[in-house]
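Inspection log for the structure reproduced underneath, given as structure tokens.
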Amino acid sequence: MVTFTRSIVATVVLTALAVSVAPIVPGMTTSAFAEKFCGPDTQSGEASGKTETEATDAATAWWSSRAGSLGKGYEFWDEAKDKNVSCHPGPFGTVKCKASGKPCLREGLLPDDGKRQDL
């Protein structure tokens, strides 16, 4: 006689439910639920600082402000794809930097409108 604990039965039932519900959503597979939703490439303006770190921080803050215009959750630099910060010397010993990247929602979050924004 085989006996099952409640946790094993619950795991089997929840797994079966997840697999059976996934095909109901048109065009989605179970792996699609783990994808990030990303917007178009976004660039900051040219930010200045006394040091490269200061200029980089200013550029990524500017990028975050622009990326946030896509909607709540897109403003996080750490979640962006294809990130790049380019810097060069500015006048009077300053450093100038620009940040660019594709703003993405954190994994598991959906856009406010519920549609994928792969622009």
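Just so you know, residue 1 is the first one in the sequence shown, and it goes up from there.
- Considering only residues two or more places apart in sequence or on other chains, Ser69 meets the side chain to side chain contact (heavy atoms under 4.5 Å, CB included) condition with none of them.
- Residues that satisfy the side chain to side chain contact (heavy atoms under 4.5 Å, CB included) test with Ala59, not counting sequence neighbours, are Ser44, Ala47, Cys97, Ala99.
- Remark: Pro91 engages Thr94, Lys96 in a side chain to side chain contact (heavy atoms under 4.5 Å, CB included) (not counting sequence neighbours).
- A search for side chain to side chain contact (heavy atoms under 4.5 Å, CB included) contacts involving Ser100 returns Asp41, Gln43, Asn84, not counting sequence neighbours.
- Screening residues 61-80 for salt bridge (charged side-chain N to carboxylate O under 4.0 Å, His left out) gives Lys36-Glu79, Glu79-Arg106 as the qualifying pairs, with residues at least two apart or on separate chains.
- Between Glu46 and His88, some side-chain heavy-atom pair lies under the 4.5 Å cut-off.
- Judged as a ring-ring contact (aromatic ring centres under 6.0 Å, His included), and not counting sequence neighbours, the contacts of Trp77 are Trp63.
- Annotation: the span from Cys87 atom SG to Glu52 atom CD amounts to 4.5 Å, rounded to 0.5 Å.
- The line from CZ of Phe37 to CG of Leu109 is 9.5 Å long, rounded to the nearest 0.5 Å.
- Under the 4.5 Å side-chain criterion, counting only non-hydrogen atoms from C-beta, Tyr74 is in contact with Pro111.
- Residues Val95 and Ser48 form no side-chain contact, since every pair of their non-hydrogen atoms from C-beta on lies 4.5 Å or further apart.
- Taking both residues in full, the closest heavy atoms of Leu70 and Gly39 are given as CD1-CA, 4.0 Å, listed atom of the first, atom of the second, then distance.
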